[in-house]
Colleague: 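Structure provided below as structure tokens; questions to follow.
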Amino acid sequence: MPSATAVAHPNIALAKYWGKREGAERMPAVPSLSVTLEGMTTTTTVTFDESLEADLLVLGGVVLAGRPAARASAMLDRVRARAGIALRARIESASDFPTAAGLASSASGFAALALAASRAAGLTPSPEELSDLARQSSVSAARSIFGGYVELPVPPEGAVALSAALVADGSRLPLTVLVAVTREGEKSVSSSAGMALTERTSPYYPAWVADAPRLFSRIRGAILEGDFTAVGAAAEVSAIRMHAAALASEPPILYWTGATVAVLEAVHALRSEGLEAYATIDAGPHVKVLTRPADAAAVRREISRVPGVRGTIETRPGQGARLIPTEGHR
Ligand code: DP6
């Protein structure tokens, strides 16, 4: 049975993507820039099977139906169309970190699925083609195809394809990302729904879109210069502006919990004491704390003590999506 297994890591955006271009299919309204994180991994095996009548999605050992299954099937449909096959597939995927809680499992999930499905179907796409395929399922997944520091520009008017690109290897700016896990479980508003509501109802959305390219360029330049302080400061501003735009929606979108705010306060207190740390937050309650590797142990100790923090995951720049041998097929 044609089968392939791929691994991919989540990425954390330093310059956030929030908002889709009007009238285009899953095209971002703002440029984004992320770092792909090792230490958290999604592993996905795709097996095309002539005995299956429908695609089957097994996530962490549990068969899923509904929207997650439909999104996975939609990607398989694109792969089948390109490969000229009609076979249905079994998708088995597992992540070693909390899913759907603002830890960007959709990014690692769709990046791994794009690669595993393409190869199982006998295709050999370029990284750019894979990134474009992943983007059509989830915009941030386009970035997880690449390792290190990765950008996703806004497409030219009328473009039908868009892929992410490498900005710099992880070694250009050594970085530790501490994920402060504040609450397990499903988030209440998905990124897609949250940004659609922001686009429709937030009076701050146009200001966000107008300002984001400038922040993106600042962060990009600072990464290339290896300037941790400039990257950290601008990344924190990008995250807070994204959340400010979302908060101003109607009804308001509040991804934060008390623990989220407590971690932000702890990060600010560390800075005022001379220990450099910066915070970034996605569409969930967790805070990702950016710090220099030499300060990571001290910063982690302080963050772990914050009431409401259930645990911390320590990560650093990692590799892009890649194939591994399928178990039982070695
Ligand atoms: C806050 O890529 O999950 O993490 O394209 O609708 O699937 P869809 O959204 P998604 O949004 C991620 C938003 C973010 C910021 C970012 O990763 O840039």
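Atoms within a ligand are numbered from 1 in the order they appear, just like the ligands themselves. Quick note: numbers below take in every heavy atom, side chains included, and nothing from hydrogens, waters or symmetry partners.
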Colleague: I need the Leu113 CG to Thr42 OG1 distance, nearest 0.5 Å.
Modeller: 10.5 Å
Colleague: Using the six-membered ring wherever Trp is involved, compare the ring planes of His243 and Trp256 and label them parallel, tilted or perpendicular (cut-offs 30° and 60°).
Modeller: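 Plane angle between 30° and 60°, so tilted.
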Colleague: Which of the atoms in ligand 1, numbered in the order shown and given with their element, are less than 4.0 Å from a heavy-atom of Lys20?
Modeller: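 Checking each atom against Lys20, I get 5 (O), 6 (O), 8 (P).
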Colleague: Closer than 4.0 angstrom: is that true for some heavy atom of Met195 and an atom of ligand 1?
Modeller: yes
Colleague: Just which atoms of ligand 1 are under 4.0 Å from any heavy atom in Ala13?
Modeller: 16 (C), 17 (O), 18 (O)
Colleague: Does this structure show an ion pair linking Arg292 with Glu276, if we count only N-O contacts that are shorter than 4.0 Å?
Modeller: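 A salt bridge is present here (some side-chain N lies under 4.0 Å from a carboxylate O).
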Colleague: Is the closest basic N to carboxylate O distance between Asp77 and Arg80 below 4.0 Å?
Modeller: yes
Colleague: Which heavy atom in Val30 sits nearest to a heavy atom in Ala212, and how many Å separate them?
Modeller: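 Scanning both residues completely, I find the closest heavy atoms to be CG1-CB, 3.6 Å.
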Colleague: Flag Val139 as yes when one of its N or O atoms lies below 3.5 Å from any N or O atom of ligand 1, and as no otherwise.
Modeller: yes
Colleague: Is Ser192 close to ligand 1, meaning an N/O of one under 3.5 Å from an N/O of the other?
Modeller: yes
Colleague: Record the part of Arg71 in heavy-atom contact with ligand 1 below 4.0 Å; permitted values are side chain, backbone, both and neither.
Modeller: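 Just the side chain.
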Colleague: Heavy-atom contacts with Trp18 under 4.0 Å: which atoms of ligand 1 show up? List them by number with element.
Modeller: 1 (C)
Colleague: Walk me through whether Leu37 and Ile313 qualify under side chain to side chain contact (heavy atoms under 4.5 Å, CB included).
Modeller: CA-CA 11 Å; Leu37 299 174; Ile313 305 170; over 6 Å; no
Colleague: Is it the case that the side chains of Thr315 and Lys288 hold a donor-acceptor pair, with the cut-off being a distance below 3.5 Å and no angle test?
Modeller: no
Colleague: N/O to N/O below 3.5 Å, does that happen between Ser32 and ligand 1?
Modeller: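 Min N/O separation from ligand 1 is not below 3.5 Å for Ser32.
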Colleague: Look at the side chain of His9 and the backbone N and O of Ile145, then say whether any donor-acceptor pair between them is shorter than 3.5 Å.
Modeller: no
Colleague: Which ligand 1 atoms does Ser106 reach within 4.0 Å, using its non-hydrogen atoms?
Modeller: 3 (O)
Colleague: Would you indicate which of Arg26, Arg143, Met242, Gln136 comes nearest to atom 16 (C) of ligand 1 when only heavy atoms are counted?
Modeller: Arg143
Colleague: Indicate yes or no: does an N/O atom of Ser138 lie under 3.5 Å from an N/O atom of ligand 1?
Modeller: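 Between Ser138 and ligand 1, an N or O pair is found under 3.5 Å apart.
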Colleague: Is the contact between Ser140 and ligand 1 made by the side chain, the backbone, both, or neither, using heavy atoms and a 4.0 Å cut-off?
Modeller: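 It is both backbone and side chain that touch ligand 1.
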